[in-house]
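Position 1 is the first residue of the sequence; numbering continues from there. Hydrogens, waters and symmetry mates are skipped; everything else that's a heavy atom, side chains included, is used.
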Amino acid sequence: QSKCKNPVTMVMIGNPGVGKSTILNARLGRIAFKSGVSLGVGLTTVLQEEYDEFGNRCIDTPGLSDIKYRSQAAREITKALKRGGLFTIVFVVTLEAGRTRPDDQTTIKLVLDSAPAIGSNYGILINKVHSKEMKKLEDVEERRKMAALFNEGLPNPTFHFWYEQVKDELTAEDNVLTQLSG
């Protein structure tokens, strides 16, 4: 097993059901995090971590919009960020009819306000983008508008955005391994 000299910790943060676990499974190339549909609450209720073949750590955090688990989720995310080392912070969000969801923006703001050391060193992955929305996002001006909407009201804006199209194969079963685009 090959190890990198300076391993990176990738922390996925977002609300329940946005696809954090599925994205991490795709990143690892194996089912390591439980993923799928959970009615009423998110599947991930405590911080979970796995390592890739190079020694990089992937951290799946509980969703912050679950009222029942919100304070526990915040503690778990804070615990992850206090471990030190190199971090990649990725907020995973989804669109609703082509618009930002208030819960997602609130989650990003809550985390950035409670962990000011993050600064602008994070990215936003817009997941489950429908083909019609993806087509519109091919236009640079549309992407700029979308970035401006997500950055509105945040203490430190980011310029790191990724878009992942919705995958039909993920709607029929839980714990399905998929590949990320790009």
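Across all non-hydrogen atoms, the minimal contact from L112 to G119 is CD2-O, 4.1 Å. Heavy atoms only, all atoms of each residue included: C58 and F33 are closest at O-CZ, 3.6 Å. Shown here for N25 and A32, the closest heavy-atom pair between the two residues is OD1-N, 2.8 Å. Shortest non-hydrogen contact noted between G55 and P7 is O-CB, 3.4 Å. What you find for S131 and Q165 is that their closest heavy atoms are CB-NE2, 3.2 Å.
T9 contributes no side-chain N or O that, together with a main-chain N or O of F87, makes up a donor-acceptor pair within less than 3.5 Å. In this structure a side-chain-to-backbone donor-acceptor pair under 3.5 Å is present from N15 to D103. Checking side-chain atoms of N56 against main-chain N and O of V8 turns up a donor-acceptor pair under 3.5 Å.
Test D104, V93, N127 against V18 for side chain to side chain contact (heavy atoms under 4.5 Å, CB included) and you get one pass: D104. With I23 as the fixed residue, the side chain to side chain contact (heavy atoms under 4.5 Å, CB included) test singles out one of L28, V92, V90: V92. Only one option out of R27, R57, R30 pairs with E50 in a salt bridge (Lys or Arg N to Asp or Glu O under 4.0 Å); it is R30.
Taken to the nearest 0.5 Å, the CD1 atom of I118 stands 9.0 Å off from the CG atom of N156. The CD1 atom of I13 sits 5.0 Å away from the CD1 atom of I89 when rounded to the nearest 0.5 Å. L125 CG to T94 OG1: the interatomic distance, rounded to the nearest 0.5 Å, is 11.0 Å. The distance from the NZ atom of K145 to the CZ atom of F150 is 15.5 Å, given to the nearest 0.5 Å. The distance from atom CG of N151 to atom CD of Q105, rounded to the nearest 0.5 Å, is 9.5 Å. The CG atom of L149 sits 9.5 Å away from the CZ atom of R144 when rounded to the nearest 0.5 Å.
Both M134 and F161 belong to a single network of hydrophobic side chains, linked directly or stepwise wherever heavy atoms of I, L, V, M, F, W or Y lie under 4.5 Å apart. Taking hydrophobic clusters as Ile, Leu, Val, Met, Phe, Trp and Tyr residues chained together by side-chain heavy-atom distances below 4.5 Å, L154 shares a cluster with I126. Under a hydrophobic clustering in which Ile, Leu, Val, Met, Phe, Trp and Tyr are joined whenever their side-chain heavy atoms come within less than 4.5 Å, directly or via other members, M12 and Y51 fall into different clusters.
Using the six-membered ring where Trp is involved, F91 and Y122 have ring planes that are perpendicular, over 60° apart on the 30 and 60° scheme.
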Go through L95 and H130 one step at a time and tell me if the side-chain contact (heavy atoms from CB on, under 4.5 Å) criterion holds. CA-CA 9 Å; L95 299 176; H130 294 280; over 6 Å; no
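In E96, the CD atom is not crowded: 12 or fewer heavy atoms of neighbouring residues, nucleotides or ligands sit closer than 6.0 Å. Heavy-atom contacts from other residues, nucleotides or ligands closer than 6.0 Å to CD of E152 number 12 or fewer.
Between K136 and E133 there is no salt bridge, since none of the side-chain N atoms of the basic residue sits less than 4.0 Å from a carboxylate O of the acidic one.
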